[in-house]
Amino acid sequence: QLQFVESGGRLVQPGESLRLSCVASGFRVIYDAIGWFRQAPGKERQLVSCITSGGKSKIGGRFIISRDNQKNTATLQINNLEPEDTGVYYCAQDTTSGGNCRSDDPSPYSYWGQGTQVTVSS
């Protein structure tokens with residue numbers, strides 16, 4: 001099955017940092033942009049960061065995205081976590097944008113996995 005497999009989510013306290021990872025299963029990531037999305041309970045899936053095929057990130061701040069095309073992986077470092085960061089985190093690949101981060105909307109993205117749960121609570 002062609003999908004990303006996400007990992008690294010857990011229960012953390014406010015102010016902590018967390019590193020999430022995803023690995024592509026059955027396909028290559030090298031030519032496409034990769035996005036990390038968060039879906040909070042009862043809300044729509046929201047883009048939190050994106051990285052182009054060339055390694056340029058969109059949306060910085062507390063969210064630091066990186067990729068390793070050789071390993072077919074992407075990571076998301078989240079610093080100074082807040083309760084509002086709680087949700088299921090997914091990575092996905094935009095195969096329609098020529099390697100660029102063009103869309104904040106999840107609809108052009110593919111290869112959705114099961115996600116990884118991040119809960120920020122004291």
Report the C-alpha separation of Ser17 and Asn79 in whole Å, then their side-chain angles, then the decisive distance to 0.1 Å, and conclude whether the side chain to side chain donor-acceptor pair (under 3.5 Å) test is met.
-> CA-CA 4 Å; Ser17 296; Asn79 295 322; 3.1 Å; yes

- Would you sort out whether Leu47 and Trp36 count as a side-chain contact (heavy atoms from CB on, under 4.5 Å), showing the intermediate values? CA-CA 6 Å; Leu47 181 72; Trp36 276 96; 5.9 Å; no

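Counting only residues at least two apart or on different chains, no salt bridge (charged side-chain N to carboxylate O under 4.0 Å, His left out) pair has a member in residues 19-34. Legend: salt bridge (charged side-chain N to carboxylate O under 4.0 Å, His left out) pairs involving residues 53-64, not counting sequence neighbours, sorted by first then second residue: Lys58-Asp104, Arg62-Glu82, Arg62-Asp85. Listed by first and then second residue, the salt bridge (charged side-chain N to carboxylate O under 4.0 Å, His left out) pairs involving residues 108-119 amount to none (not counting sequence neighbours). Listed by first then second residue, pairs satisfying disulfide bond (SG atoms under 2.5 Å apart) with a partner in residues 39-74 read Cys50-Cys101, not counting sequence neighbours. Listed by first and then second residue, the disulfide bond (SG atoms under 2.5 Å apart) pairs that reach into residues 3-38 are Cys22-Cys91, sequence neighbours excluded.
Scanning all heavy atoms of the two residues, the minimum distance from Val29 to Gln93 falls at CG1-OE1, 3.3 Å. Residues Leu2 and Gly26 come closest through the heavy atom pair CD2-O, 3.1 Å.
Listed by chain and residue number, nothing satisfies the side chain to side chain contact (heavy atoms under 4.5 Å, CB included) test with Tyr31 (two or more places apart in sequence, or in another chain). Scored by the side chain to side chain contact (heavy atoms under 4.5 Å, CB included) test, Val12 finds Arg10, Glu16, Leu18, Leu81, Val120 as partners (sequence neighbours excluded). In this view, Tyr89 satisfies the ring pair (Phe, Tyr, Trp, His ring centres under 6.0 Å) rule with no residue, not counting sequence neighbours. By the side chain to side chain donor-acceptor pair (under 3.5 Å) test, Ser25 pairs with no residue at all, sequence neighbours left out. Partners of Ser7 according to the side chain to side chain contact (heavy atoms under 4.5 Å, CB included) rule, which considers only residues two or more places apart in sequence or in another chain, are Ser21. Qualifying side chain to side chain donor-acceptor pair (under 3.5 Å) partners for Asn100, counting only residues two or more places apart in sequence or in other chains: none. Remark: Ser57 pairs with Ile65 by the side chain to side chain contact (heavy atoms under 4.5 Å, CB included) rule, at least two apart or across chains.
Val88 and Ile78 fall into different hydrophobic clusters, where Ile, Leu, Val, Met, Phe, Trp and Tyr side chains are chained together by heavy-atom contacts under 4.5 Å. One hydrophobic cluster holds both Ile51 and Phe63 under the rule that ILVMFWY side chains link at heavy-atom gaps under 4.5 Å.
Cation-pi check for Arg45 over Tyr90 is met; the charged atom lies under 6.0 angstrom from the ring centroid and within 45 degrees of its normal.
Donor-acceptor pairing under 3.5 Å is recorded for the side chains of Asp105 and Ser107.
Rounding to the nearest 0.5 Å places CZ of Arg38 at 10.0 Å from CG of Leu76. The CG atom of Asp94 lies 7.5 Å from the OG atom of Ser110; values are rounded to the nearest 0.5 Å. The CZ atom of Phe27 sits 8.5 Å away from atom CD of Gln3, with the distance rounded to the nearest 0.5 Å. Here the straight-line distance linking atom OG of Ser53 with atom CG of Asn69 works out to 8.0 Å at 0.5 Å rounding.
Taking the centre of each ring, Tyr109 and Phe37 come in below the 6.0 Å mark.
A donor-acceptor contact shorter than 3.5 Å links the side chain of Thr116 to the backbone of Gly9.
The number of heavy atoms from other shown groups lying within 6.0 Å of CD (Gln117) is above 12.
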